[in-house]
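One structure below.
Values reported hereafter were calculated over all heavy atoms of this structure, with side chains retained and with hydrogens, waters and symmetry mates removed.
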Amino acid sequence: MEGSEPQEPPELDALGVGGVGRFYVVRHAKAGSRSHWTGDDRRRPLSKKGRQQAEALVKVFADLPVDDVFSSPYLRCIQTVEPIAIARHRKVQANASLSEGRGLSGLYSFFEDPNLGNAVLCTHGDLMWELIEDLANRRVLPAFKEAFDKGSTWVVDVEDGSPVGARYIPAP
C-alpha cells in the first residue's frame, strides 16, 4: 500500500501457522563432572550451576508456546526441563529416543509425529552436535554453527517432518 511503512513478516509462533510445528531442543544444563561421578552416569544430577540454569529456563520459555515436555531418561536431562514442565502444568515424559548415543533418528521421530508441536525435547551434547550438523547439511542453517552450550536451546521449525528453520537461544 502506498505511503505505508514496510512491515516485518510475522514470526511463526505456534503449531498450525503455515503447517509448521515447533520443537525446542534443549541440551541438558550443567551437571557434575562425569570423571568425578562414581555411580551410574544415567543418575548423574545437575550441579548447583545446572539447577540455576534449569530454573532460568522457565523465564526463557515464558512467552513460548509449550504443549509437551519430553526428556532423555537421564536424571540431568529430566532435572533440566522439570521446572518448565511444572510452570506449564505438564509432566516430563521420559523417552529413550533422546538418550546419549541414540543418533538423530530418535530425535527426528518427534519431528515426524503429526500430533506433536510446541514440544520441548531435552537431550545430550552428542545429539545436539548431530542436529546442528544435519541442519547445516540440509541448508536450514547457512553454515555449521558450534552453538550448543549446556542449557542452550535450538528452536526448530518443522514442516512435513523435515526441519525448515532454526534459531539458537543461548544458555541462561
Side-chain angles (χ1 to χ4, degrees), residues 11-31 34 41-42 44 46 50 53-54 56-58 60-61 63-85 88 90 92-172:
E11 185 171 333
L12 300 176
D13 284 330
L15 179 66
V17 178
V20 176
R22 179 160 285 170
F23 295 86
Y24 307 102
V25 185
V26 178
R27 182 176 182 194
H28 69 75
K30 292 185 179 191
R34 188 183 302 248
D41 189 54
R42 294 172 294 185
R44 186 163 44 100
L46 294 179
Q53 285 179 306
L57 282 171
V58 173
V60 170
F61 279 82
D63 295 326
L64 299 174
V66 173
D67 296 330
D68 295 290
V69 181
F70 295 93
S71 174
S72 159
Y74 286 50
L75 180 60
R76 58 190 173 271
C77 285
I78 291 171
Q79 289 178 328
T80 297
V81 294
E82 204 164 41
I84 297 168
R88 297 305 179 93
R90 304 276 188 263
V92 176
Q93 301 172 63
N95 191 302
S97 295
L98 297 169
S99 298
E100 272 185 329
R102 294 302 290 257
L104 279 182
S105 62
L107 182 61
Y108 276 59
S109 68
F110 288 92
F111 295 173
E112 294 164 356
D113 186 336
N115 297 313
L116 291 179
N118 299 326
V120 174
L121 309 172
C122 189
T123 190
H124 303 266
D126 62 329
L127 263 77
M128 295 297 273
W129 177 277
E130 290 180 43
L131 172 64
I132 296 163
E133 186 175 45
D134 188 59
L135 293 173
N137 289 339
R138 291 173 182 254
R139 300 179 196 248
V140 173
L141 295 176
F144 183 80
K145 181 177 181 177
E146 273 193 55
F148 46 90
D149 292 332
K150 291 181 179 179
S152 65
T153 302
W154 274 93
V155 181
V156 181
D157 292 321
V158 174
E159 187 170 8
D160 298 324
S162 295
V164 295
R167 71 181 172 92
Y168 182 70
I169 301 174

**Fill in**
Taking every heavy atom of Ala85 against every heavy atom of Val92, the minimum-distance pair comes out as CB-CG2, 3.7 Å

**Message:** Salt bridge or not between Arg90 and Glu82? Use side-chain N to carboxylate O under 4.0 Å.
**Reply:** no

**Request:** Locate the shortest heavy-atom distance separating Gln79 from Leu46; write the atom from each residue and the value.
**Result:** OE1-N, 2.8 Å

**Item:** Minimum heavy-atom distance between Asp113 and Asn115, given as atom pair plus value
**Value:** OD1-N, 2.8 Å

**Item:** Val155 side chain reached by Ile169 side chain, heavy atoms, under 4.5 Å
**Value:** yes

**Request:** Applying side-chain contact (heavy atoms from CB on, under 4.5 Å), run through Phe70 and Val120 and close with a yes or a no.
**Result:** CA-CA 6 Å; Phe70 295 93; Val120 174; over 6 Å; no

**Request:** Enumerate the residue pairs fulfilling salt bridge (Lys or Arg N to Asp or Glu O under 4.0 Å) with a member in residues 123-141, sequence neighbours excluded, ordered by first and then second residue.
**Result:** Asp134-Arg138

**Request:** Tell me, with the steps shown, if Phe61 and Val26 meet side-chain contact (heavy atoms from CB on, under 4.5 Å).
**Result:** CA-CA 11 Å; Phe61 279 82; Val26 178; 3.9 Å; yes

**Prompt:** With sequence neighbours left out, what residues match Ser97 under side-chain hydrogen bond (donor to acceptor under 3.5 Å, both in side chains)?
**Reply:** Asn95

**Prompt:** So how far is it from His28 NE2 to Thr80 OG1, rounded to the nearest 0.5 Å?
**Reply:** 7.0 Å

**Asked** Under 4.5 Å between any side-chain heavy atoms of Ser162 and Phe111, yes or no?
**Response** no

**Prompt:** Is the number of heavy atoms from other residues, nucleotides or ligands under 6.0 Å of Asp63 CG greater than 12?
**Reply:** no

**Request:** Evaluate ring pair (Phe, Tyr, Trp, His ring centres under 6.0 Å) for Phe110 paired with Phe23, printing each intermediate quantity in order.
**Result:** CA-CA 9 Å; Phe110 288 92; Phe23 295 86; 7.5 Å; no

**Item:** Over 12 foreign heavy atoms within 6.0 Å of NZ, Lys30
**Value:** no

**Request:** For the residue pair His124 and Ser72, confirm or rule out a side-chain donor-acceptor distance under 3.5 Å.
**Result:** yes

**Asked** Are Ser152 and Tyr168 close enough that some pair of their side-chain heavy atoms sits under 4.5 Å apart?
**Response** yes

**Message:** Minimum heavy-atom separation for Ala166 and Val140, please, with both atom names.
**Reply:** N-CG1, 3.9 Å

**Prompt:** Within a strict 4.5 Å, meaning less than it, do heavy atoms of the Val158 and Val156 side chains meet?
**Reply:** yes

**Request:** State, with a plain yes or no, whether a side-chain heavy atom of Met128 is found less than 4.5 Å away from one of Thr123.
**Result:** yes

**Item:** Residue pair Asp68 / Asn118, side-chain heavy-atom distance below 4.5 Å
**Value:** no

**Asked** Run the side-chain contact (heavy atoms from CB on, under 4.5 Å) check on Val25 and Thr153 step by step: do they pass?
**Response** CA-CA 5 Å; Val25 185; Thr153 302; 5.9 Å; no

**Message:** Could you check whether any side-chain N or O of Gln53 sits under 3.5 Å from a backbone N or O of Lys150, counting only pairs where one atom can act as donor and the other as acceptor?
**Reply:** yes

**Request:** Over all heavy atoms of both residues, which pair between Leu121 and Leu107 is shortest? Give the atoms and the distance, please.
**Result:** CD1-CD1, 3.7 Å

**Asked** Is the backbone N or O of Pro65 less than 3.5 Å from a side-chain atom of Tyr24, with the two atoms forming a donor-acceptor pair by type?
**Response** yes

**Fill in**
Closest non-hydrogen contact found for Cys122 with Cys77 is SG-O, 3.5 Å

**Asked** Is the distance between the ring centroids of Phe148 and Trp129 less than 6.0 Å?
**Response** yes

